[in-house]
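In what follows, a structure is listed as structure tokens, so that the remarks can point back to it.
One-based numbering, in listed order, for ligands and for the atoms of each. Keep in mind the model is a prediction, meaning the values are calculated, not measured.
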Amino acid sequence: MKGVSFLMTVAILALASSFVSAYDPSPLQDFCVAINDIKSGVFVNGKFCKDPAQVTANDFSFSGLNIPGNTGNKVGSNVTLVNVDKLPGLNTLGISLARLDFTPYGLNPPHTHPRGTELFVVIEGTFLVGFVTSNPNKLFTKVLNKGDVFVFPIGLIHFQFNIGETIGLAFAGLSSQNPGVITIANAVFGSVPPINPDVLIKAFQLDKNVVEYLQKAFTPK
Ligand SMILES: *[C@@H]1O[C@H](CO)[C@@H](O)[C@H](O)[C@H]1NC(C)=O
């Protein structure tokens with residue numbers, strides 16, 4: 001009898017624990033360093049919530065996604081991101097949106113979104129897109145035309161290359177209010193302060209001169 005009630009208790013506890021959601025919330029920015037003194041300025045994981053009585057329809061709205069981004073840069077692309085910083089109503093909802101403009105042969109270079117999966121839809125242009133899995137590094141790639149949709153799974157390195165002679169336009173939904181972006185070349189060769197060149201020489205098996213050139217090219221002016 002004693003054995004039976006013990007088993008019952010274990011079974012009930014096991015069942016109960018499957019309903020309790022006790023886990024750490026996903027980070028909504030790159031880091032959230034703990035502090036003890038709340039007077040020294042504090043952020044929560046995400047943003048504070050506005051008093052619902054003060055909320056208006058404008059808090060759920062953003063305007064200007066009809067305007068192309070300026071693609072006059074070295075890669076010939078521009079991403080206009082509508083995240084929680086631009087549309088406060090997105091806070092805690094796990095979603096954001098981007099407009100992507102491309103010159104003919106414009107490229108959105110290899111990058112990752114540490115916090116978001118991306119769903120990309122082509123409005124104008126022909127795109128060579130792809131992503132690479134974690135080890136072993138398999139490439140999934142495809143040519144997309146107007147109306148085609150492609151998903152880039154969270155965290156994986158991906159790119160979008162307009163391979164047509166006309167401008168490219170696409171929109172993307174991202175599964176985070178603040179998906180973040182790490183553009184590989186800029187992060188590795190253009191960090192501030194710079195990564196020790198010896199690290200890059202060995203990591204990328206490059207000549208010292210090439211690393212110097214790349215660090216110069218990618219360090220923000
Ligand atoms: C993208 O376009 C915006 C708006 O024209 C511009 O302010 C921004 O500098 C552009 N970004 C890049 C990387 O060219």
Side-chain angles (χ1 to χ4, degrees), residues 28-30 47 58-91 95-132 141 144 146 148-152 154-195 200 204 210-221:
L28 290 166
Q29 58 263 309
D30 284 356
K47 306 269 186 191
N58 285 340
D59 290 322
F60 303 101
S61 171
F62 173 90
S63 293
L65 226 48
N66 57 319
I67 302 164
N70 182 356
T71 53
N73 50 50
K74 283 195 174 140
V75 288
S77 75
N78 194 308
V79 180
T80 309
L81 178 65
V82 185
N83 64 4
V84 69
D85 296 331
K86 305 242 189 82
L87 205 176
L90 289 178
N91 196 28
I95 195 167
S96 57
L97 181 69
R99 174 188 170 123
L100 299 95
D101 289 286
F102 298 81
T103 58
Y105 304 105
L107 170 71
N108 189 9
H111 64 280
T112 97
H113 305 291
R115 289 174 293 277
T117 288
E118 173 175 345
L119 193 54
F120 179 90
V121 54
V122 178
I123 308 297
E124 296 290 344
T126 303
F127 289 88
L128 175 70
V129 304
F131 68 83
V132 178
T141 186
L144 305 181
K146 211 185 271 204
D148 291 348
V149 173
F150 200 87
V151 62
F152 302 96
I154 183 167
L156 301 186
I157 294 179
H158 60 280
F159 59 85
Q160 295 123 2
F161 187 25
N162 179 18
I163 53 174
E165 283 173 19
T166 55
I167 60 143
L169 173 63
F171 287 86
L174 293 126
S175 64
S176 168
Q177 67 181 44
N178 183 23
V181 60
I182 301 168
T183 304
I184 308 305
N186 303 63
V188 169
F189 295 106
S191 70
V192 179
I195 294 175
L200 300 174
F204 291 90
V210 179
V211 167
E212 258 168 32
Y213 169 86
L214 289 170
Q215 287 193 309
K216 203 171 229 174
F218 284 100
T219 301
K221 265 100 211 163

Worksheet item: Donor-acceptor pair, T117 side chain versus I154 backbone, under 3.5 Å?
Response: yes
Worksheet item: Going by distance alone, is a donor N or O of one side chain under 3.5 Å from an acceptor N or O of the other, for N178 and Q29?
Response: no
Worksheet item: Considering only the protein, which heavy-atom contact is closest to atom 11 (N) of ligand 1, and what is its distance?
Response: N78 ND2, 2.9 Å
Worksheet entry | Short N or O distance, S77 and ligand 1, threshold 3.5 Å exclusive | no
Distance-only criterion, 3.5 Å: show the donor-acceptor pairs between side-chain atoms of residues 210-221 and protein atoms not counting sequence neighbours.
unit_1: E212; atom_1: OE2; unit_2: K208; atom_2: NZ; d: 3.4
unit_1: Q215; atom_1: NE2; unit_2: I195; atom_2: O; d: 2.9
unit_1: T219; atom_1: OG1; unit_2: Q215; atom_2: O; d: 2.5

Name every donor-acceptor pair, under 3.5 Å, that has one atom in a side chain of residues 157-171 and the other anywhere in the protein, sequence neighbours excluded.
unit_1: H158; atom_1: ND1; unit_2: H111; atom_2: O; d: 3.3
unit_1: H158; atom_1: ND1; unit_2: L156; atom_2: O; d: 3.0
unit_1: H158; atom_1: NE2; unit_2: H111; atom_2: NE2; d: 3.0
unit_1: H158; atom_1: NE2; unit_2: H113; atom_2: NE2; d: 3.4
unit_1: H158; atom_1: NE2; unit_2: E118; atom_2: OE1; d: 3.0
unit_1: Q160; atom_1: OE1; unit_2: N108; atom_2: ND2; d: 2.8
unit_1: Q160; atom_1: NE2; unit_2: E118; atom_2: OE2; d: 3.1
unit_1: N162; atom_1: OD1; unit_2: G164; atom_2: N; d: 3.3
unit_1: N162; atom_1: ND2; unit_2: T103; atom_2: O; d: 3.0
unit_1: N162; atom_1: ND2; unit_2: T166; atom_2: O; d: 2.8

Worksheet item: Side chains of P68 and D101: closer than 4.5 Å at any heavy-atom pair?
Response: yes
Fill in: Per-atom contact, atom 9 (O) of ligand 1, protein heavy atoms, under 4.0 angstrom
no
Response to the item:
At under 4.0 Å between heavy atoms, what of N73 touches ligand 1? The answer is side chain
Response to the item:
Ranked by distance from atom 4 (C) of ligand 1, the top protein heavy atom is N70 N, 4.0 Å
Worksheet, complete the sentence: Near G69 (heavy-atom distance under 4.0 Å), the atoms of ligand 1 are 2 (O)
